[in-house]
Amino acid sequence: MSGTTGASSLPGPPPAPADAVTEAFWQATREGTLSVQHCPACGGHQHPPRVLCVHCGGIDGLRQVPVRGAAVLDSFTTVHRAPDGRAVPYTVGRVRLAAGPVLLVPVLGDPDSFRCDQPVRLVWLSLPDGRRQPAFTPAPDAPPDEPEP
Amino acid sequence: MTAAIVGAATSDLGVTGLPALALLAQGVTRALADAGLALSDVDGLATAGTGRFAATQAADYLGIRPAWTDSTFAGGSAFEMYVARAAQALASGQCRTVVIAYGSDQRSARRRSLTGPYDAASPEAQFEAPAGPLFPASHYALAARRYLHVHGLGRRVLAEVAVAARAWALLNPEAYRHTAGPLTVEQVLAAPMLSSPLTTADCCLVTDGGGALVLTTAERARDLPRPGVLVLGYGEATSHAGSAGPADLLDTGARAAADRAWAASGLGPHDMDVVQVYDSFTITTLLSLEALGLCPPGGAGALVADGRIGPGGELPLNTSGGGLSYGHPGMFGLFLLIEAVRQLRGECGARQVPGARTAVAHGTGGILSTHATVVLARQDTR
Ligand SMILES: [Zn+2]
């Protein structure tokens, strides 16, 4: 899905460069598309991209498919001593996509309002090389198919 | 054929000014003296952490040419894994006397990094490092947050682990925090937040240190001066590399490791007189107690409350003071085993668990990534 195209940039060092296996994921971020890898053999989804499916071991036809940004916050931690000089505090969260895979991402907003299992939505942070970093922020309203916890 | 631990020793601890290999060699010479053996008896060597060719470097430094080495690198659980590998090597006849050793100068060298090793070629360098987690602290913090949420508990249950560790350290003259005075729950809760909900007081120390164990066959152990400690069973499990890896943060490999060790030993969690689990962070202890089967999921909060795991409590846990108050030279797995051996030999002075005959050591490495359990018993009890 296309998340909010924020003017914000990632506060810390950019992610390591894409490689041959992850290139499709990062290319899609340039268009504001979040994707996970789909396995046609078993229908499973995974992230990060790999040359095999961890669900069935299949190696054929693996490809990135767009996902909705609907997700829930599995857990989060607010960091008070940055590893790389970025301004503190900031929050890191495990976000579980509706398709299944979990992402480790920046979580934006007021940490005092965060709680485990709350719905979150995708926000993009810009990167110097034109790629975008997925981040998440509390969703103001729960998606219709996901009741408030 | 059963393996036995016949020698155990620690190196100098704290801020030593010594290089890592010197601390390792100190542990080896002390453990061999304890065992009544010499370097010339050693034909097996296991170690990690001092460099890329850790066992090679250690063998060279000690001046030996071992017939068997292992440098399995699994962080804090590696040393429990070495006990398993050593038992197999002894049983196969590949070697007769194994030294498991470790040395770290991370405090003196100011080598401890909060960011840790994100290998530039790893998936985590692309997909996790950008979020800025402290490695490894933030993963344990994520697990702690999830644990408190799922079980409806507050940070006090984490703090109790650090409080008990300090109480044990006050009874251990070797402990880095031996003279630091008691720690209270309120002090842990009020300590500076590092990666919420973990404060600096929920995190292990940063010290130099080292040590060694000497293993041989149970048969040969009977001829040596110290009471042998039998390796009754072991088990291990390895799971994820990154923080996003596990589907459930609280379902680590620790349960599988422990179950395998219990099955092999013929004993269970409630047969243990002494329990040593890796306390890299207070949450590690809670999850380990549950994985070992000492309480049901969510039950560790009640198990550690009200002094039950402290001196005189019903579950003597981490009796050295643990990584939280004894010392933490980068990887603590070896120290769990050394303290278990000392308890089983009855040489722990003020902190001795009376009549201890069985013990379990459970190591955790990485970000709740690697898990290994070793079940031990005094040789003269069987
Ligand atoms: Zn598949």
Side-chain angles (χ1 to χ4, degrees), chain A residues 10-19 21-23 25-26 46-50 54 73-97 100-107 111-112 114-118 125 127 131-136 149, chain B residues 112-152 191-200 202-203 239-251 281 283 367-368:
Chain A
L10 179 72
D19 57 49
V21 179
T22 64
E23 181 60 28
F25 171 88
W26 288 112
Q46 67 183 10
H47 184 79
R50 293 165 166 91
V54 297
L73 186 60
D74 178 66
S75 189
F76 60 97
T77 178
T78 300
V79 177
H80 293 261
R81 198 187 293 173
D84 48 28
R86 70 180 84 182
V88 292
Y90 58 89
T91 301
V92 178
R94 266 173 48 104
V95 158
R96 192 183 309 275
L97 300 171
V102 174
L103 310 180
L104 191 77
V105 289
V107 184
D112 291 338
F114 300 159
R115 61 187 189 283
C116 292
D117 297 333
Q118 81 176 130
L125 301 177
L127 295 170
R131 293 184 293 168
R132 294 182 199 172
Q133 166 69 36
F136 283 77
Chain B
R112 183 72 173 179
S113 151
L114 285 170
T115 47
Y118 274 120
D119 178 352
S122 69
E124 290 74 38
Q126 291 183 49
F127 297 109
E128 302 210 348
L134 297 177
F135 189 99
S138 288
H139 184 85
Y140 289 86
L142 290 165
R145 172 86 65 192
R146 185 75 198 167
Y147 181 85
L148 299 181
H149 171 79
V150 166
H151 299 298
M193 195 60 80
L194 182 67
S195 190
S196 68
L198 301 181
T199 68
T200 53
D202 287 292
C203 304
S239 52
H240 55 277
S243 280
D248 179 350
L249 277 170
L250 306 182
D251 179 19
F281 301 90
I283 182 63
I367 51 173
L368 293 166

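Since the model is a prediction, treat every value here as computed from it, not as a measurement. Here is the naming used below: chain letters follow the sequence lines, and residue numbers restart at 1 for every chain.
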Could you tell me which of B:Ala129, B:Gly132, B:Ala141 has the largest number of non-hydrogen atom pairs under 4.5 Å with chain A?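 Highest number of heavy-atom pairs under 4.5 Å: B:Gly132.
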
Chain A heavy atoms under 4.5 Å from [X]: which part of the residue, side chain, backbone, both or neither?
| X | result |
| --- | --- |
| B:Pro246 | both |
| B:Thr199 | neither |
| B:Ala125 | both |

Option that, when pairs with chain B are counted at under 4.5 Å, heavy atom only, ranks first among A:Gly93, A:Pro89, A:Pro15: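 Highest number of pairs under 4.5 Å: A:Pro15.
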
Which class fits the ring pair B:Phe127 and A:Trp26: parallel under 30°, tilted 30 to 60°, perpendicular over 60°?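 Taking A:Trp26 first and then B:Phe127, their aromatic rings lie parallel (interplane angle under 30°).
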
Checking B:Ser138 against B:Ser195 for the side-chain hydrogen bond (donor to acceptor under 3.5 Å, both in side chains) test, could you report, in this order, the C-alpha distance in whole Å, the side-chain angles of both residues, the deciding distance, and whether it holds? CA-CA 6 Å; B:Ser138 288; B:Ser195 190; 2.9 Å; yes

By a 4.5 Å heavy-atom criterion (distance strictly below it), what part of [X] contacts chain B: side chain, backbone, both, or neither?
| X | value |
| --- | --- |
| A:Leu103 | backbone |
| A:Val79 | both |
| A:Arg50 | neither |
| A:Pro17 | backbone |

Under 4.5 Å between any side-chain heavy atoms of A:Arg96 and A:Asp74, yes or no?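 Heavy-atom side-chain distance check passes, below 4.5 Å.
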
Do B:Leu250 and B:Arg146 come within less than 4.5 Å of each other through their side chains, counting heavy atoms only?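 Counting from C-beta outward, B:Leu250 and B:Arg146 do come under 4.5 Å.
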
side-chain hydrogen bond (donor to acceptor under 3.5 Å, both in side chains) between A:Arg94 and B:Ser243, intermediate numbers included: CA-CA 8 Å; A:Arg94 266 173 48 104; B:Ser243 280; over 6 Å; no

Got a donor-acceptor contact below 3.5 angstrom from the A:His47 side chain to the B:Ala244 backbone?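 No, the answer is negative, given that no donor and acceptor are paired below the 3.5 Å cut-off.
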
OH of B:Tyr118 to CD of B:Glu128: how many Å apart, nearest 0.5 Å?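 The distance works out to 5.5 Å.
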
